[in-house]
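Here's the structure, in structure tokens; my notes come after.
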Amino acid sequence: MDITAPRGTNDILPDEVGLWQHVEELVRNAAERAGYREIRTPIFEHTELFERGVGEATDIVEKEMYTFTDRGDRSITLRPEGTAPVVRALVERGLASMSQPAKVYYLGPMFRYERPQAGRYRQFHQFGLEVIGAPSPAADAEVIAVPLEVFRSLGIQDVIVNINSIGCPACRPAYRKLLQETYRPVLGKLCPSCVSRYDRNPLRLLDCKSEACRRALPEPPMILDILCPECRSHFDEVRRLLDGLNVEYAINPRLVRGLDYYTRTTFEYNVGGIGSQDAIGGGGRYDGLVEEVGGPPTPAVGVACGLERCVLAMRAMTGGEEYDAPIDIYFVALGEAAREKAFELAFDMRSCGISADFDMLDRGMKAQMRYAGKAGSRFVAIIGDNELAVESVMLKRMATGDQELVRQSEVAERILEARGGAAK
RNA sequence: GUGGAUGUAGCUCAGCUGGCUAGAGCAUCAGAUUGUGGCUCUGAGGGUCGUGGGUUCAAGUCCCAUCAUCCACCCCA
């Protein structure tokens, strides 16, 4: 076997796809219950969108994008995140004429050229929510709280919510300057990446995990202490709303996120048991992004959550198995004429809304029965010369083993009846 | 991009300090009185031992490179 899946990609095989569909369904339910409507944007965009939107100095743009030149000599990039494309789509398609705020959700693959490890892949999936056109703290609080409902419904326990505010263009520059002043004396002791961040984005020094930096860095001033009055009250109000929902969270003044577009609220969800990539989601407010992408000045907030990490967390908690889709009836045919009849009957069943299958390998009865059993078939209909002669079928209920002769014209009715009577 | 570990059938693994035709369990397929699944028994198919070099009379077993996986750093979902 010399042709394999590209590094960092995964195949979701039929045995596990049920779990994924289950997760996706709960995501959609929660989002739509909260008034979000789905939006689907292209998998690739002009590179410039991410350079401007996500930020030139971010790791994502600097070294993680799948960028290529297409045959028309355009620079194209596989989307590394969902927010910039969503904003671009809404701005381009007439955000101004849409009812405000625009509340949308998305669900799909993202691409980042990173070194793969548990919970980190080059093609991965995210779902996200965006509220565009709402300055209110209620939007921040909602966007933080809705994914928590998804996590709960998935059985993911003990999610830690970290929140912070990183200020706005009115108060952040002063904070940056203050940070640079406090760090200047120890510049020589910092790790190389911190030295380079010192000028470009000193906020990032706050969350450096390197031991050396941890020791060298003096206790930094906290931005929460010097937020402008507007940012301060916005943050307090977000907290008050979360308290009202009984959402537990930790205020983490060191929480800085790696995308340049954030303003004010930032937050992250963490869980244990899935390895070092323990952030299952994160987001924040991005009041400047719409304008950056060419729209009118518009406040906005959003979240994004990693589905692979959610699935990992589910498996860590419960095992997350058992999402098979058993079929209703399997036709076991003996002989040429019976096979033809089974084929037709299977299609009859399907047109009645019943899931039905039949053997197409010309196998013996035993093999057909085994296949039906493994497929989780609720009923098996056996057709041989005896049944053909009386236009019937030997209908067997697999769970009990009971069987009886049923006219072919009445099989569908029987199945529907049995299904209606059952729990589901 | 950096460091560490690992890489034998579809899956989980065994294979001692290099030595004959490379094994097990599970899975798959086929049989076990001729028309009946899940249990049991029997048998079969399936591996250029990740790939490419090298050392050696001889390499799955040693060395180098490369690719991949996992873990940590980094970053984030």
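Note that the structure is predicted; figures quoted are calculated from it, not measured. Residue numbering restarts at 1 for every chain, and letters A, B, ... go by the order of the sequence lines.
For the pair A:Arg120 CZ and B:rC70 C1', the computed distance is 13 Å after rounding to whole Å. In this entry the distance linking CE of A:Met369 with P of B:rU36 reads 9 Å, nearest Å. Rounded to whole Å, atom P of B:rG38 lies 9 Å from atom CE of A:Met398. Note: CG (A:Leu154) to P (B:rA77) measures 19 Å, nearest angstrom.
Within residues 103-115 of chain A, the residues having any heavy atom under 4.0 Å from RNA chain B are, by residue number, A:Arg112, A:Glu114, A:Arg115. For RNA chain B, no neighbouring residue in residues 30-53 of chain A is found when judged by any heavy atom under 4.0 Å.
Look at A:Arg414 and A:Glu410 and you find no salt bridge, because none of the NZ, NE, NH1 or NH2 atoms lies under 4.0 Å from a carboxylate O. Checked for salt-bridge contact, A:Glu181 and A:Arg184 miss the test: no charged N lies under 4.0 Å from a carboxylate O. Ionic pairing of A:Glu114 and A:Lys63 is not present here: no N-O contact between side-chain nitrogen and carboxylate oxygen is shorter than 4.0 angstrom. Using a cut-off of 4.0 Å between Lys/Arg side-chain N and Asp/Glu carboxylate O, A:Arg33 and A:Glu149 are scored as salt-bridged. In summary, A:Arg315 and A:Glu16 engage in a salt bridge, as defined by a charged side-chain N under 4.0 Å from a carboxylate O.
For the pair A:Ser377 and A:Ala118, both in contact range of RNA chain B, the more 5′-proximal nearest nucleotide belongs to A:Ser377. Nearer the 5' end of RNA chain B, as judged by each residue's closest nucleotide, is the contact made by A:Arg370, out of A:Arg370 and A:Arg257.
B:rG7 and B:rC16: their P atoms are spaced 12 Å apart (whole Å). A gap of 34 Å separates the C1' atoms of B:rC73 and B:rA14, to the nearest Å. Comparing the P positions of B:rA59 and B:rC49 gives an interatomic distance of 12 Å, to the nearest angstrom. Here, B:rG4 and B:rU66 have their P atoms 13 Å apart, quoted to the whole Å. Between B:rG60 and B:rA9, the distance separating the two P atoms is 14 Å to the nearest Å. The C1' atoms of B:rU12 and B:rU6 are separated by 15 Å, rounded to the nearest whole Å. The C1' atoms of B:rG52 and B:rA68 are separated by 15 Å, rounded to the nearest whole Å. Across the C1' atoms, B:rC76 and B:rA22 are found 44 Å apart, a figure rounded to whole Å.
Applying the 4.0 Å criterion to OP1 and OP2 of B:rU28, one finds that A:Lys374 has a side-chain N or O inside that range. Proximity of A:Arg363 to the phosphate of B:rC29: a side-chain N or O atom is located under 4.0 Å from OP1 or OP2. The phosphate of B:rC67 (OP1 or OP2) has no side-chain N or O of A:Thr4 nearer than 4.0 angstrom. Phosphate contact (OP1/OP2 of B:rU69, side-chain N/O of A:Arg7, threshold under 4.0 Å): present. Side-chain N/O atoms of A:Gln117 include none lying less than 4.0 angstrom from OP1 or OP2 on B:rU69.
Ring-plane geometry between A:Phe347 and A:Phe358 is classed as tilted, the angle between the planes lying from 30 to 60 degrees on a 0 to 90 degree scale.
In the interface, the side chain of A:Asn386 is paired with the base of B:rG35 through a donor and an acceptor atom under 3.5 Å apart. Judged by atom type and distance alone, A:Lys366 does not reach the base of B:rU36 through any side-chain donor-acceptor pair under 3.5 Å.
Going from atom CZ of A:Arg93 over to atom CZ of A:Arg88 covers 6.5 Å, rounded to the nearest 0.5 Å. We find the CD1-CG distance between A:Ile76 and A:Asp70 to be 5.0 Å, quoted to the nearest 0.5 Å. Rounding to the nearest 0.5 angstrom, the gap separating the CZ atom in A:Phe124 from the CZ atom in A:Phe111 is 9.0 Å.
For the pair A:Arg172 and A:Tyr175, the cation-pi criterion (under 6.0 Å, within 45° of the ring axis) is not fulfilled. A cation-pi arrangement, defined by a distance under 6.0 Å to the six-membered ring centre and an angle within 45 degrees of its axis, is present between A:Arg122 and A:Tyr113.
Residue A:Ile280 is classed as a sugar-phosphate contact, given heavy-atom separations below 4.0 Å to backbone atoms only.
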Check: Just the dot-bracket of RNA chain B, please: which string comes out with Watson-Crick or G-U pairs under 3.5 Å, [ ] for crossing, | for another strand?
Finding: (((((((..((((.....[...)))).(((((.......))))).....(((((..]....))))))))))))....

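Listed nucleotides: B:rC70, B:rG37, B:rG35. Nearest to the side chain of A:Glu387: B:rG35. Taking the side chain of A:Ala367 as heavy atoms from C-beta on, and the options B:rA77, B:rG35, B:rA30, the nearest nucleotide is B:rA30.
For the side-chain contact (heavy atoms from CB on, under 4.5 Å) criterion with A:Glu268, the lone passing option out of A:Leu255, A:Asp278, A:Val303 is A:Leu255.
Taking both residues in full, the closest heavy atoms of A:Phe379 and A:Ala418 are given as CZ-CB, 3.7 Å, listed atom of the first, atom of the second, then distance.
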